[in-house]
Amino acid sequence: AKDQLHRYHAMWLGYRAIPHDATLIEAFNAETTALIDRVVFDERENYATLFTAEETYIDGFLAEHYGLEAPASGEDWVSYGPDRAGILSHGSVLAAFSKFTDTSPTQRGIFIAERLRCNEIPAPPPTVDADNPPGNADDPNACKEERYGIHAEIASCAACHNLMDPIGMGLENYDIAGRFRETDDGKPDCEISGQGALPGVGSFSGPGALAERLVESGELERCATEQYLQFALGRDLEEDDPLLDHVAADFEATDYDFQQMISNLASLEAFGFRREPSN
C-alpha cells in the first residue's frame, strides 16, 4: 500500500522523473516519502498537513543543499524556517514543472491550477504561434518577470496566462532544485520579487504562503479526492459525479484522514464492480 501511494503522489505531483543526478533525486525522494508516510500512515493527520507541515525530514547533504541547519543525529525532522512549508517546498516537486534548465512560472502555474485546484486551463488559440512569442517574451537577455509580463499585455494570451503566471511567479525565488535564490539564474541584475497570486483567493510569496492560500480556498481537499479517485478507478470523473460527492463527503467527515478515505473507497460497490453498458 505504501509503495502504491508513493507512486500515486509521484505521478500526481509530477516528480516521477526530474532532471537531476541520482544522488539528489534519492535525497529528494527520501524527504518526500517521509512526509507522506508521516501524514498518511504514521500519525494519520489531516491531509492538508502534507502541504502545511512546518518540518521536513532531511540529512546533512540535503540540509546543505537547501541552506537549512543540519540535524544533529545525521537525519531527522527539522524546521523549515520562514517561507517554506509542506510538500510544495520539496526539491522533488519544485523540480517537476520546469522548462529546459530553469523554472517556468507558466508550467508551475498550470500544475497548481489543474492538479491542486482541478481548474482546467484551456489550450492556446490556434492563432497563437508559441514558437515566435511577441515583443521581447523570448529575449534571452531580458529579466524573466519582464518576459512573462508580456503575456498579460496581449489579449490573446492574457485570459489564460493570468490564471497561471501569477501563481508561478510567487514560487520564482525557488530554483529548479528547490534552493532559494534572489536573482534570475545567471543574471545578477534581475532581482526576483517573489510576489504571486492565487487567482480568486489572494496574494502570496513562497511555497509556504501558497499552501496557506490553497487551504484557504477550500478547493484543495476536494481536488485531492478527485485526483486520487481518477488514479484508483483508472478513469476521468465529472465535477458532479455522485461517487466523487460521496467520497469527498466521507473524507471530510473523517477530518481528511487519507488512509481512511482509501479504505472507505475500497469498500464501495462502485469501486469493486463496473456498471454494465446500456443497450
Side-chain angles (χ1 to χ4, degrees), residues 1-18 28-53 56-57 85-90 92-93 96-97 110-121 198 201 207 210-278:
K2 284 187 176 182
D3 287 346
Q4 196 72 330
L5 198 62
H6 298 157
R7 174 173 172 265
Y8 160 68
H9 282 88
M11 294 172 63
W12 173 37
L13 301 178
Y15 58 87
R16 201 174 184 188
I18 53 177
F28 284 159
N29 285 338
E31 176 189 27
T32 300
T33 296
L35 181 59
I36 293 169
D37 286 349
R38 186 185 209 185
V39 171
V40 177
F41 293 102
D42 302 337
E43 300 184 8
R44 295 183 67 163
E45 299 179 84
N46 183 304
Y47 191 64
T49 307
L50 187 69
F51 299 87
T52 61
T56 194
Y57 193 86
I87 201 167
L88 297 183
S89 297
H90 288 192
S92 55
V93 176
F97 293 87
I110 292 173
F111 157 58
I112 298 298
E114 295 192 336
R115 303 207 184 187
L116 298 182
R117 304 184 77 189
C118 290
N119 295 336
E120 184 177 353
I121 302 295
L198 193 64
V201 182
L210 172 58
E212 292 178 5
R213 296 289 85 77
L214 286 168
V215 172
E216 178 186 324
S217 75
E219 299 169 320
L220 177 61
E221 292 87 352
R222 182 179 175 87
C223 185
T225 307
E226 181 177 342
Q227 297 287 351
Y228 182 74
L229 276 176
Q230 292 180 152
F231 170 79
L233 299 173
R235 63 176 175 85
D236 291 336
L237 294 173
E238 298 295 332
E239 174 61 27
D240 59 351
D241 190 306
L243 178 60
L244 173 58
D245 290 338
H246 178 79
V247 176
D250 271 1
F251 193 24
E252 182 179 6
T254 65
D255 193 28
Y256 300 108
D257 181 334
F258 199 82
Q259 185 179 155
Q260 189 63 51
M261 185 264 281
I262 294 173
S263 298
N264 290 348
L265 171 62
S267 71
L268 296 176
E269 284 191 358
F271 180 78
F273 299 88
R274 68 178 174 88
R275 183 176 299 157
E276 288 290 341
S278 58

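The shown structure was predicted, so the numbers you read here are calculated from the model rather than taken from an experiment. Positions are given from 1, in the same order as the sequence printed here.
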Student: Mind listing the closest non-hydrogen atom pair of A270 and L233 along with its distance?
Tutor: O-CD2, 4.3 Å
Student: Are side-chain heavy atoms of L88 and F111 found at a separation under 4.5 Å?
Tutor: yes
Student: Measure from the ring center of Y228 to the ring center of Y8 and say whether it is less than 6.0 Å.
Tutor: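 Yes - the distance between ring centres of Y228 and Y8 falls below the 6.0 Å cut-off.
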Student: Might you point out which heavy atoms bring A232 and L265 nearest each other, and give the distance in Å?
Tutor: CB-CD2, 3.9 Å
Student: Measure the spacing between CZ of R38 and OG1 of T33 and express it to the nearest 0.5 Å.
Tutor: 14.5 Å
Student: Using side chain to side chain contact (heavy atoms under 4.5 Å, CB included) as the criterion, point out the one residue from Y256, F251, F258 that pairs with T225.
Tutor: F251
Student: Specify whether F51 and W12 have parallel, tilted or perpendicular ring planes, treating 30° as the upper limit for parallel and 60° as the lower limit for perpendicular.
Tutor: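 Perpendicular, since the angle between the ring planes exceeds 60°.
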Student: Is the number of heavy atoms from other residues, nucleotides or ligands within 6.0 Å of CD (E238) greater than 12?
Tutor: no
Student: Taking T49 for the side chain and N46 for the main chain, is one N or O donor matched with an acceptor at less than 3.5 Å?
Tutor: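 Yes, T49 side chain to N46 backbone: donor-acceptor pair under 3.5 Å.
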Student: Do D37 and H6 get their side chains close enough for a donor-acceptor pair, meaning under 3.5 Å?
Tutor: yes
Student: Answer whether the closest heavy-atom distance between the side chains of V201 and E216 falls below 4.5 Å.
Tutor: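 Yes, close enough: below the 4.5 Å cut-off.
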Student: For the residue pair T56 and E31, confirm or rule out a side-chain donor-acceptor distance under 3.5 Å.
Tutor: yes
Student: Taking the side chain as every heavy atom from C-beta outward, state whether N264 and V247 have any atom pair closer than 4.5 Å.
Tutor: no
Student: To the nearest 0.5 Å, what is the distance between CD1 (I262) and OG (S267)?
Tutor: 12.5 Å
Student: Are F28 and V93 close enough, and set up right, to give a side chain to side chain contact (heavy atoms under 4.5 Å, CB included), and what steps lead you there?
Tutor: CA-CA 9 Å; F28 284 159; V93 176; over 6 Å; no
Student: Going from CG on L116 to CD on Q227, what distance comes out if it is rounded to the nearest 0.5 angstrom?
Tutor: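 If I round to the nearest 0.5 Å, the distance is 7.5 Å.
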Student: Are any of the side-chain heavy atoms of T32 and H9 separated by less than 4.5 Å?
Tutor: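 Answer no - side chains too far apart.
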Student: Provide the closest heavy-atom pair for L237 versus Q230 in the form atom of the first, atom of the second, distance.
Tutor: N-OE1, 3.2 Å
Student: Just wondering, do R117 and L214 contact through their side chains at under 4.5 Å, heavy atoms?
Tutor: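 SC-SC contact between L214 and R117 confirmed.
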Student: Rounded to the nearest 0.5 Å, what separation is found between the CD atom of E114 and the SG atom of C223?
Tutor: 10.0 Å
Student: Might you work through the side chain to side chain contact (heavy atoms under 4.5 Å, CB included) test for K2 and I36, ending with a clear yes or no?
Tutor: CA-CA 9 Å; K2 284 187 176 182; I36 293 169; over 6 Å; no
Student: Do the non-hydrogen side-chain atoms of T254 and M261 ever get within less than 4.5 Å of each other?
Tutor: no
Student: Would you name the heavy atoms of R7 and R16 that are closest together and state the gap between them?
Tutor: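 Closest approach of R7 to R16, heavy atoms only: NE-NH2, 3.6 Å.
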Student: Within the structure provided, determine whether I110 and F97 are in side-chain contact (heavy-atom separation under 4.5 Å).
Tutor: no
Student: For M11 and R115, work out which heavy atoms get closest and say how close.
Tutor: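 Reported closest heavy-atom pair: O-NH1, 2.9 Å.
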Student: For the residue pair A48 and E221, what are the closest heavy atoms and their distance?
Tutor: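 Where A48 meets E221 most closely, the heavy atoms are CB-OE2, 3.9 Å.
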Student: Can you pull the salt bridge (Lys or Arg N to Asp or Glu O under 4.0 Å) pairs that have at least one residue in residues 241-255, sequence neighbours excluded?
Tutor: R222-D245, R235-D241
Student: Report yes if the side chains of H90 and I87 come closer than 4.5 Å at any heavy-atom pair, otherwise no.
Tutor: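 H90 reaches I87 side chain to side chain.
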Student: Set out, in order, the CA-CA distance, both residues' side-chain angles and the distance that settles side chain to side chain contact (heavy atoms under 4.5 Å, CB included) for V40 and L50, then state yes or no.
Tutor: CA-CA 9 Å; V40 177; L50 187 69; 5.9 Å; no
